[in-house]
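Beneath this line is the structure, given in structure tokens, with notes to follow.
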Number of protein chains: 2
Amino acid sequence: MKEIGANKCFGGQQLRFSHASEVLDCDMSFSIYLPPQVEAGGVAQQVPLVYWLSGLTCTDENFVTKAGAQRYAAELGLAIVAPDTSPRGEGVPDDPEGAYDFGLGAGFYVNATQQPWAGHYRMYDYILDELPALIAKEFPVDCARAGISGHSMGGHGALTIALKNPQRFKSVTAFSPICSPLNCPWGEKALGRYLGPDRGAWEQYDACALVAKSAVQLPVLVDQGTADTFLAEQLKTPLLEKACLDARYPMTIRMQDGYDHSYFFISSFIGEHLAFHAGCLY
Amino acid sequence: MKEIGANKCFGGQQLRFSHASEVLDCDMSFSIYLPPQVEAGGVAQQVPLVYWLSGLTCTDENFVTKAGAQRYAAELGLAIVAPDTSPRGEGVPDDPEGAYDFGLGAGFYVNATQQPWAGHYRMYDYILDELPALIAKEFPVDCARAGISGHSMGGHGALTIALKNPQRFKSVTAFSPICSPLNCPWGEKALGRYLGPDRGAWEQYDACALVAKSAVQLPVLVDQGTADTFLAEQLKTPLLEKACLDARYPMTIRMQDGYDHSYFFISSFIGEHLAFHAGCLY
């Protein structure tokens, strides 16, 4: 692991690292914010952490520079880990047409089973196992107290990874998540290529399908802007509302009037999301 | 004036416009944040405003996306106007070698007197007169209650424009300002080319020289990171401290331990700067 960035921010440290990922078979970058509480009294203290999964086209840096989350993390005593959104590098296959919604920057947080993707595109295992093991080994964080959040494709990632592994996360939040990849063009394209035509294999990566069979219920907060141009065709929040109602899953889903799909929306509510996580992690 | 961006943010509106600038003889873009207070009770209310001047290589967008200022502006009821850092467009001459510290992105907030720069590079007049007139005409802001702030080259701009025009601003703050262009390589290069070799002509754009002859004293807050790699050679905060001491100008200059020149530093203290302005504007 190699440090490639370090900036003091709100009394804590915004750090960036590269490392060789065995799961993804390539070098990866991630960012981590360590709040001032880790150095309380000159001794490194373990703090709980929140994983942030970004959306299409993003790297680990978008959230770090645009969300304004460090202020709240510093107040609440949370570390924030932001991974990249796909495997990267010369040997990693990309969409042949360079599309923004498949391949590089668009890993969809699944384990691909189809070639040529299956060799690298295993973001599900990376986020769930390899990255947390590295974080636990290298930083003063308490991985037993972890929350997960994300935006758009990353909101889908946060919801699906947590719903499948409720013992691993104490809280989940999402901004503008892709609620049902089974039922939108982004999902059809990505899961169709990563997982193949058998739609039964897609269900393990569909938040609505997972809600329907969740035995354990987590605290979940979802925010969705009403002026989001992707809402009707791609995100489909009403499908998640219906799935929760049908399964009696008590998820808080808020429609936020006039907000769009941008980081201006995320920055407006990230404080409430981090406070929600802190309430579950402390 | 044409709207080229609009995002709801913290209950207010982050807007972006382009307009034809007569002073700069080119089309310019600027951003403005209007806090929720402008729409209080369904009636547009005039709010005070703060101008933000960015540093080398920036446009109007860096501050808007990275500083996290909207949260505080929404709480405090401040509009924030962020202009670009130089004239722009095909007809505007640039540094022949495309240097980052002269020409496009590096107007230094002066009125150039030397060719080929004098035809477009008049950022001083643009910031002081043309842009405020447009803002007053188009938005529900009270231009009689204005503060000014900025970073690096923009900190130099904020200090010099306000020190020269204390009747126009009620408060001034700066992050990591270039304190004396007369005494650093960035200043030597830029003022030497924009204004010519007569260093007497540079003094009107040098914060230290202006402090020495200021009859009216404004509330001023300056923050400078101790880990800023530009501090010793380019920014030279001690020169400003000495000028204030010699002139008995009561400026608050804070050295912030471990912070660098980045927006992570700005975001950490922009809340205190905006509160400082609000205290003078309300």
Side-chain angles (χ1 to χ4, degrees), chain A residues 4-16 31-36 39 58 61-75 80 82 175-176 223-229 231 254-275, chain B residues 4-16 31-36 39 58 61-75 80 82 175-176 223-229 231 254-275:
Chain A
I4 55 175
N7 304 88
K8 190 169 179 180
C9 191
F10 284 99
Q13 292 290 330
Q14 182 63 59
L15 305 172
R16 192 170 188 226
S31 292
I32 181 169
Y33 179 71
L34 295 176
E39 298 289 352
C58 289
E61 292 196 284
N62 301 65
F63 178 78
V64 168
T65 55
K66 293 184 172 181
Q70 293 92 350
R71 173 186 178 171
Y72 309 100
E75 287 173 359
I80 303 181
F175 289 86
S176 331
D223 272 323
Q224 172 62 52
T226 64
D228 186 329
T229 52
L231 172 54
R254 311 188 299 189
M255 299 305 291
Q256 299 287 4
D257 184 52
Y259 287 91
D260 60 25
H261 202 66
S262 71
Y263 265 92
F264 294 112
F265 171 47
I266 297 171
S267 70
S268 299
F269 294 97
I270 189 68
E272 292 181 28
H273 282 234
L274 292 179
Chain B
I4 55 175
N7 304 88
K8 190 169 179 181
C9 190
F10 284 100
Q13 291 290 329
Q14 182 63 58
L15 305 171
R16 191 172 188 226
S31 292
I32 182 168
Y33 179 70
L34 295 176
E39 298 290 352
C58 290
E61 292 195 284
N62 301 65
F63 178 78
V64 168
T65 55
K66 293 184 173 181
Q70 293 92 348
R71 173 186 178 173
Y72 309 100
E75 287 172 359
I80 304 182
F175 289 86
S176 331
D223 273 324
Q224 172 62 53
T226 63
D228 186 328
T229 52
L231 173 54
R254 310 189 300 191
M255 300 304 292
Q256 299 287 4
D257 184 52
Y259 286 92
D260 60 25
H261 201 67
S262 71
Y263 264 91
F264 295 112
F265 171 46
I266 297 171
S267 69
S268 300
F269 295 98
I270 189 67
E272 293 182 27
H273 282 235
L274 292 179

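Predicted model, so just to flag it, every value in this text is computed and none were measured. Below, chain A is the first sequence line, B the second, and so on; all start at residue 1.
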- Message: On a heavy-atom basis, which atom in A:Tyr72 and which in B:Arg71 lie closest, and how many Å separate them?
- Response: CE2-NH1, 2.5 Å
- Item | Minimum heavy-atom distance between B:Cys9 and A:Ser267, given as atom pair plus value | SG-OG, 3.8 Å
- The reported gap from CZ in B:Phe265 to CZ in A:Phe10 (rounded to nearest 0.5 angstrom) is 11.5 Å
- Item | Matching residue for B:Phe264 among A:Gln14, A:Lys8, A:Gln13 - test: side chain to side chain contact (heavy atoms under 4.5 Å, CB included) | A:Gln14
At a heavy-atom separation under 4.5 Å, does [X] approach chain A through its side chain, its backbone, both, or neither?
X: B:Tyr259; result: both
X: B:Ala69; result: neither
X: B:Asp260; result: side chain
X: B:Ser262; result: side chain

- Item | Region of A:Gln70 that comes under 4.5 Å of a non-hydrogen atom in chain B | side chain
- Select, from A:Gly258, A:Gly271, A:Gly68, the one with the greatest count of heavy-atom pairs under 4.5 Å involving chain B. A:Gly258
- Task: Just give me the residue among B:Thr65, B:Asp257, B:Asn7, B:Ile266 that pairs up with chain A most often, heavy atom to heavy atom, under 4.5 Å.
- Result: B:Asn7
